[in-house]
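To start, the structure itself, in structure tokens.
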Amino acid sequence: MAQRTILVTGGAGFIGSNFVLEWLANEDAAVVNLDWLTYAGNLHNLKGVNGDTTRHRFVHADICDRKSVAELLQRYRPRAIVHFAAESHVDRSIHAPDDFVRTNVNGTFALLEEARAYWMEMNREEKEAFRFLHVSTDEVYGSLGPNDPPFEETTPYAPNSPYAASKAASDLLVRAYYHTYGLPTLTTNSSNNYGPYQFPEKLIPLVILHAMQGKPIPVYGDGQNVRDWLFVDDHCAAIRTVLARGKLGETYNIGGRNEKQNLQIVQLICKIMDELRPNDPVTPHAQLITFVTDRPGHDRRYAMNTSKIERELGWRPKETFETGIRKTIEWYLSRQSWIDEVTSGSYRQWMAKQYSM
Ligand code: NAD
Ligand code: DAU
């Protein structure tokens, strides 16, 4: 493989697989894709590149397994690591935080240590060119009130869920590796993503599936919690931009400039579904909306100030929510086999446990 190869971790998950596909469509460099294939990882997301072994190599490994990571770095000698691999679902972190500490904290630590050992042995030119890009979240900043200004890169960390705390810990380790060892790191903190290949435990795909199937659409609490929604392709383009031109040791907020209450999102999806699927078991689909017990510690509002990445690197989101959500719904409606495959055994157990309503 070419020397300019990059290593992507978690590239069989939602954002990681979109990133791999977007990268290969836009860049010359090959991708080595390390993923442990947890319930959230799915090789079918990568069908479009499975035949292209000169530009895409899949490696089934755990980021906590330092020996495998070290071997992989020596074998492929990537010029960058783009680190997506994580446990990513807040509700699961409430039920079982152990996996979040293991992968998000210990796994990131393991990856940083092996990246550091690999980087230390490089010659000066390779050392200067190397990048470790850590993909993180707006949830590390905590929760905003209705009139608070959006999160900035300098907002103090105040994570409220085990997921957010584990991501905050990993961000701080990345920061320390830059300041202590000079490892050339970059960190991105993004708002809520949506788009193709998102596992249907997350709000938007879950609502689409339940609307199709005539099942109750669960809205936590009063449905007034606010998230800033970003189309996944825009996130992938932002990561490529930060990788190419980001300043070492810096963090960049990424967001869609698109704050919406959960209930607004759910109602809009139901409206589009009424138009696209008038013969579904229950219409209007909004009849399915069911208010359920709130998530413990549920953050009220996230909002991102993205002026740093816009001003310094010239990135801006391209997709509006209205076009992005329609594309997303149409994608799910045309992917019944993908849905059938990801909603098998362990998915059903999770839904029964979480939504026994
Ligand atoms: P996801 O849950 O869809 O995918 C995670 C991937 O990581 C899966 O393919 C899984 O198999 C893999 N993985 C998990 N543990 C692993 C391990 N120990 N070793 C190797 N691979 C492992 O997650 P996502 O939504 O695509 O999120 C990707 C990254 O982006 C995460 O770091 C998440 O914190 C961050 N992020 C997500 C969002 C969002 O809205 N989804 C927003 C901001 C940041
Ligand atoms: O903000 C970025 C984060 O966005 C990422 O770091 C996380 O990995 C990602 O999962 C996401 O976290 P959220 O908790 O915001 O996403 P989720 O889709 O789980 O929930 C979105 C909102 O919808 C949240 O306020 C909870 C609510 N919700 C969620 C589900 C699954 C419901 O009302 N009903 C539901 O069934």
Side-chain angles (χ1 to χ4, degrees), residues 8-19 33-43 45-46 59-65 68-69 82-94 99-100 102-104 106-108 110-111 134-141 143 151 159 161 163-164 166-167 170-171 188-195 197-207 210 216-230 232 235 239 254-255 260-263 265-266 289-295 298-304 342 351 354-355 357:
V8 170
T9 71
F14 163 47
I15 306 175
S17 61
N18 278 283
F19 179 81
N33 184 350
L34 178 163
D35 196 297
W36 201 25
L37 297 180
T38 67
Y39 78 93
N42 186 352
L43 283 179
N45 298 1
L46 297 159
V59 179
H60 187 202
D62 177 0
I63 53 166
C64 300
D65 175 358
S68 294
V69 171
V82 183
H83 176 36
F84 293 94
E87 288 293 333
S88 69
H89 190 35
V90 173
D91 294 321
R92 284 184 192 255
S93 84
I94 294 166
D99 288 344
F100 288 72
R102 181 189 182 278
T103 290
N104 301 1
N106 296 337
T108 301
L111 198 63
H134 174 60
V135 179
S136 192
T137 171
D138 58 2
E139 303 207 8
V140 296
Y141 298 122
S143 183
F151 300 129
S161 71
Y163 163 69
S166 68
K167 291 297 290 187
S170 66
D171 292 10
T188 55
N189 293 86
S190 161
S191 65
N192 285 61
N193 283 216
Y194 70 100
Y197 302 114
Q198 188 167 29
F199 194 75
E201 64 188 352
K202 308 279 167 65
L203 180 71
I204 287 182
L206 187 146
V207 171
H210 283 213
I217 294 174
V219 173
Y220 297 164
D222 62 5
Q224 307 297 305
N225 302 64
V226 172
R227 299 290 183 266
D228 169 11
W229 293 94
L230 173 69
V232 65
H235 187 189
I239 292 171
I254 303 171
K260 292 215 183 316
Q261 291 171 341
N262 293 340
L263 195 55
I265 299 281
V266 173
I289 296 173
T290 309
F291 290 91
V292 300
T293 310
D294 209 354
R295 170 187 280 174
H298 195 176
D299 287 336
R300 195 62 176 167
R301 174 177 165 239
Y302 303 142
M304 289 297 245
V342 301
M351 296 305 278
Q354 173 70 2
Y355 301 99
M357 45 190 190

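Whatever order the structure lists them in is the order used to number ligands and atoms, beginning at 1.
Between the CG atom of D62 and the OG1 atom of T103 there is a distance of 6.0 Å, given to the nearest 0.5 Å. Rounding to the nearest 0.5 Å gives a distance of 6.0 Å between CG of L263 and CD of Q224.
Nearest-heavy-atom check against atom 10 (O) of ligand 2 across Q224, K202, R301 picks out K202. Taking only non-hydrogen atoms, the option from Q354, H298, K167 nearest to atom 26 (C) of ligand 2 is H298. Here atom 28 (N) of ligand 2 lies nearest to Y220 when heavy atoms of F291, Y220, Y141, Y355 are compared.
The closest protein non-hydrogen atom to atom 34 (N) of ligand 2 is P218 O, 2.9 Å. Closest protein heavy atom to atom 3 (C) of ligand 2: E139 OE2, 3.0 Å. Protein heavy atom at the shortest distance from atom 16 (O) of ligand 2 is N192 ND2, 3.4 Å. Shortest contact from atom 19 (O) of ligand 2 to any protein heavy atom: R295 NH2, 3.0 Å. Looking at atom 18 (O) of ligand 2, its nearest protein heavy atom turns out to be L203 N, 2.8 Å. Of all protein heavy atoms, the one lying nearest to atom 27 (C) of ligand 2 is N262 ND2, 3.4 Å. Among protein heavy atoms, the minimum distance from atom 8 (O) of ligand 2 is reached at S88 O, 2.7 Å. Remark: minimum distance from atom 5 (C) of ligand 2 to any protein heavy atom is reached at Y163 OH, 3.6 Å.
For E201, no nitrogen or oxygen atom sits less than 3.5 Å from a nitrogen or oxygen atom of ligand 2, counting backbone and side chain alike. Of the polar atoms of S190, none of the N or O atoms is found under 3.5 Å from an N or O of ligand 2, judged by distance alone. For ligand 2, the polar-atom distance check finds an N/O of T137 within less than 3.5 Å of one of the ligand's N/O atoms. Taking distance alone, with nitrogen or oxygen atoms compared against 3.5 Å, L206 stays at or beyond that limit from ligand 2.
With ligand atoms numbered from 1 in the order given, ligand 2 contributes 19 (O) to contacts under 4.0 Å with heavy atoms of H89. Using a 4.0 Å cut-off to heavy atoms of V219, the atoms of ligand 2 that qualify are 33 (O). For ligand 2, the atoms closer than 4.0 angstrom to any heavy atom of Y302 are 1 (O).
A search for side chain to side chain contact (heavy atoms under 4.5 Å, CB included) contacts involving S190 returns N193, L230, H235, I254, not counting sequence neighbours. For the side chain to side chain contact (heavy atoms under 4.5 Å, CB included) test, residues two or more places apart in sequence or in another chain that qualify with A110 are R66. Partners of H298 according to the side chain to side chain contact (heavy atoms under 4.5 Å, CB included) rule, which considers only residues two or more places apart in sequence or in another chain, are Y220, N225, R227, N262, D294, R295.
A donor-acceptor pair shorter than 3.5 Å cannot be found between the side chains of E87 and Y163. Residues S170 and H134 bring a donor and an acceptor atom of their side chains to less than 3.5 Å of each other.
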Mind listing the N or O contacts between ligand 1 and protein, cut-off under 3.5 Å?
unit_1   : atom_1 : unit_2 : atom_2 : d
ligand 1 : 2 (O)  : S88    : OG     : 2.7
ligand 1 : 3 (O)  : F14    : N      : 3.0
ligand 1 : 9 (O)  : G13    : N      : 2.9
ligand 1 : 9 (O)  : D35    : OD1    : 3.3
ligand 1 : 9 (O)  : D35    : OD2    : 2.5
ligand 1 : 11 (O) : D35    : OD1    : 2.6
ligand 1 : 11 (O) : L37    : N      : 3.4
ligand 1 : 11 (O) : T38    : N      : 3.0
ligand 1 : 11 (O) : T38    : OG1    : 3.2
ligand 1 : 18 (N) : D62    : OD1    : 2.8
ligand 1 : 18 (N) : T103   : OG1    : 3.2
ligand 1 : 19 (N) : I63    : N      : 3.0
ligand 1 : 21 (N) : W36    : N      : 3.1
ligand 1 : 23 (O) : S88    : OG     : 3.2
ligand 1 : 26 (O) : F14    : N      : 3.4
ligand 1 : 26 (O) : I15    : N      : 2.8
ligand 1 : 32 (O) : F84    : O      : 2.9
ligand 1 : 32 (O) : K167   : NZ     : 2.6
ligand 1 : 34 (O) : Y163   : OH     : 2.6
ligand 1 : 34 (O) : K167   : NZ     : 3.1
ligand 1 : 40 (O) : N193   : N      : 2.9

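Residues E139 and K167 are not paired through a salt bridge, judged by the lack of any N-O separation under 4.0 Å between the basic side chain and the carboxylate.
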- Message: The test is salt bridge (Lys or Arg N to Asp or Glu O under 4.0 Å); show your working for D222 and R300 and say whether it passes.
- Response: CA-CA 11 Å; D222 62 5; R300 195 62 176 167; 2.8 Å; yes
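Relative ring orientation between F151 and Y302 is described as tilted, the plane-to-plane angle lying within the 30° to 60° band.
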